[in-house]
Amino acid sequence: MLRAAFEPDGGDFRAAIRFSIVGSSGAAHLRITPGVLTRRSGRDGVAGPHFLVLVLRGNGLLTVGEAGRPLSPSSVAVIGGDLGFSLALSAGESGSCELDLLQVAGAEPPVLAKASGVAVTASTSLADYIVGLAELVRPEGGDIGPCQRDIPIFDYIGVAIGDYLTQEEREEGPRRDHGLYHRIRAFIARNVKNQALGADLLAREFAISKRKLYSIFYDSRASLHETIMTARLEAARREIEAGGQKVASVILDHGFSNPSTFYRNYKRHFGRVPRA
């Protein structure tokens, strides 16, 4: 299951491993000296879909591909079964590192496909639940080898992880959209003189559909059209009041091809016509 290598930080290497296999799933509990645990990519000797779960009881740095993710105590990392990784482990209070590594047979949680195959969450309750269930299938006395239980432990673990990550994604979505809303508004403010500024340009710039773009503004109780109009009007007012340019030039520079449209919206927004 592990298909892994370990390189200790120093010469004094110590390890205690408890390992169990149930069908195509397995669990290993490791207490080991600080160092780097590396697992190869691919699924050599593994039949069927699966994913990996890491539960850390100390600090570490998980690297999958080029991306590094810091892990803290009770972090839970879920990794696609075909992916390799390296995990740099730091010593805990006891001077050793403690972690659980599980291979869970079955389809990967859908969230992994959106997260490039890796999801990391910090949840003490989820970490305790996973480790507690994994303890139930470990052989008595620490002997290495297959063991069977009547309870489908790994199915429970897979369902719990899938449900937790899905709920976390639902809660994260509005926060992520709120941040994107403010980035889009900042982009609009910087590009008020761009004649092409509109839904098509913004959707391309932020790699989202126009439907998603409109929904972000709707959820923020704002109108995309009004946001662009207001940004252009306020920028135009600053230039007009600063002087040095004809009002007609400022109107055209800020995306208004029809002066009457500009004057009508300017008065609606500011309560008066522009003064040079």
Is there a path from I17 to L87 through hydrophobic residues (I, L, V, M, F, W, Y) whose side chains come within less than 4.5 Å of each other?
yes

Separation of K193 NZ from H254 NE2 (nearest 0.5 Å):
5.0 Å

List the steps and the verdict of side-chain contact (heavy atoms from CB on, under 4.5 Å) for R39 and L52.
CA-CA 11 Å; R39 185 180 191 271; L52 306 173; 3.3 Å; yes

So, do P34 and L89 sit near enough that their side-chain heavy atoms are less than 4.5 Å apart?
no

Under 3.5 Å donor-acceptor, E239 side chain and G244 backbone:
no

Is it possible for you to say whether L252 and V247 belong to one hydrophobic cluster, with membership spreading through side-chain heavy-atom contacts below 4.5 Å?
no

Which heavy atom in S74 sits nearest to a heavy atom in A127, and how many Å separate them?
O-CB, 3.7 Å

According to a 4.5 Å side-chain heavy-atom criterion applied to Ile, Leu, Val, Met, Phe, Trp and Tyr, with indirect links allowed, do L136 and I157 form part of one hydrophobic cluster?
yes

Heavy atoms, side chains only, cut-off 4.5 Å: are F154 and V22 in contact?
yes

List the steps and the verdict of side-chain contact (heavy atoms from CB on, under 4.5 Å) for L71 and V120.
CA-CA 8 Å; L71 302 181; V120 176; 3.5 Å; yes

Pairwise side-chain contact, V76 with L54, heavy-atom cut-off 4.5 Å (strictly under):
no

Whether the side chain of R69 engages the backbone of L62 through a donor-acceptor N/O pair (distance < 3.5 Å, no angle test) should be reported.
no

Scan side-chain atoms only and decide if E98 and H29 contain a donor-acceptor pair under the 3.5 Å cut-off.
yes

Nearest 0.5 Å, please: how far is CZ in F217 from CG in D219?
11.5 Å

Whether E135 and R18 form a salt bridge (side-chain N of Lys/Arg under 4.0 Å from carboxylate O of Asp/Glu) is what I want to check.
yes

Pairwise distance CG(L202) to OG1(T227) - rounded to 0.5 angstrom
10.0 Å

Would R268 and E226 count as a salt bridge (Lys or Arg N to Asp or Glu O under 4.0 Å) here? Give the steps.
CA-CA 12 Å; R268 177 174 63 87; E226 283 297 318; 3.7 Å; yes

Donor-acceptor contact below 3.5 Å, side chain S249 vs main chain Q245:
no

Between S123 and S125, is any side-chain donor less than 3.5 angstrom from a side-chain acceptor?
yes

Could you check whether any side-chain N or O of S75 sits under 3.5 Å from a backbone N or O of L56, counting only pairs where one atom can act as donor and the other as acceptor?
no

Any chain of hydrophobic side-chain contacts (each under 4.5 Å) joining L83 to V36?
no

Which heavy atom in A105 sits nearest to a heavy atom in H50, and how many Å separate them?
CA-CB, 4.0 Å

Decide yes or no for Y164 and P109: does some side-chain heavy atom of the first lie under 4.5 Å from some side-chain heavy atom of the second?
no

If every non-hydrogen atom of T38 is compared with every non-hydrogen atom of S86, which pair is closest and at what distance?
OG1-CB, 4.0 Å

Could you go through the side-chain contact (heavy atoms from CB on, under 4.5 Å) check for V118 and F85 one step at a time?
CA-CA 10 Å; V118 185; F85 66 83; over 6 Å; no

Going from OG on S25 to CZ on F51, what distance comes out if it is rounded to the nearest 0.5 angstrom?
8.5 Å

As a quick check of understanding, evaluate salt bridge (Lys or Arg N to Asp or Glu O under 4.0 Å) for R238 and D253, giving each step before the final call.
CA-CA 13 Å; R238 288 193 295 271; D253 285 347; over 6 Å; no

Only one of L197, V192, L233 forms a side-chain contact (heavy atoms from CB on, under 4.5 Å) with I228, so which one is it?
L197

Compare all side-chain heavy atoms of R57 with those of V131 and state whether any distance is below 4.5 angstrom.
yes

Measuring from atom OH of Y214 to atom CD1 of I208, what distance do you get when rounded to the nearest 0.5 angstrom?
11.0 Å

Check whether more than 12 heavy atoms from other residues, nucleotides or ligands sit under 6.0 Å from atom CZ of R211, and answer yes or no.
no

First locate atom CG of L102, then atom CD1 of I79, and finally report the distance between them rounded to the nearest 0.5 Å.
11.5 Å

Kindly state each residue pair satisfying ring-ring contact (aromatic ring centres under 6.0 Å, His included) with at least one member in residues 228-248, sequence neighbours excluded.
none

Are the ring centres of Y156 and Y129 closer than 6.0 Å?
no

Between H269 (side chain) and N265 (backbone), is there a donor-acceptor pair under 3.5 Å?
no

Flag side-chain contact, heavy atom, 4.5 Å: F206 against I184
yes

Mind running side-chain contact (heavy atoms from CB on, under 4.5 Å) on M229 and F256 for me, showing each step along the way?
CA-CA 9 Å; M229 173 73 74; F256 295 93; 3.4 Å; yes

Taking all non-hydrogen atoms of both residues, which atom of L61 and which atom of G68 are closest, and how far apart?
CD1-C, 4.1 Å

Non-hydrogen side-chain atoms of V78 and L165 separated by less than 4.5 Å
yes

Can you find a pair of side-chain heavy atoms, one from E234 and one from F270, that are under 4.5 Å apart?
yes

F262 to A236 - nearest heavy-atom pair and separation:
CE1-CB, 3.9 Å

Over all heavy atoms of both residues, which pair between A199 and K210 is shortest? Give the atoms and the distance, please.
CB-CD, 3.8 Å

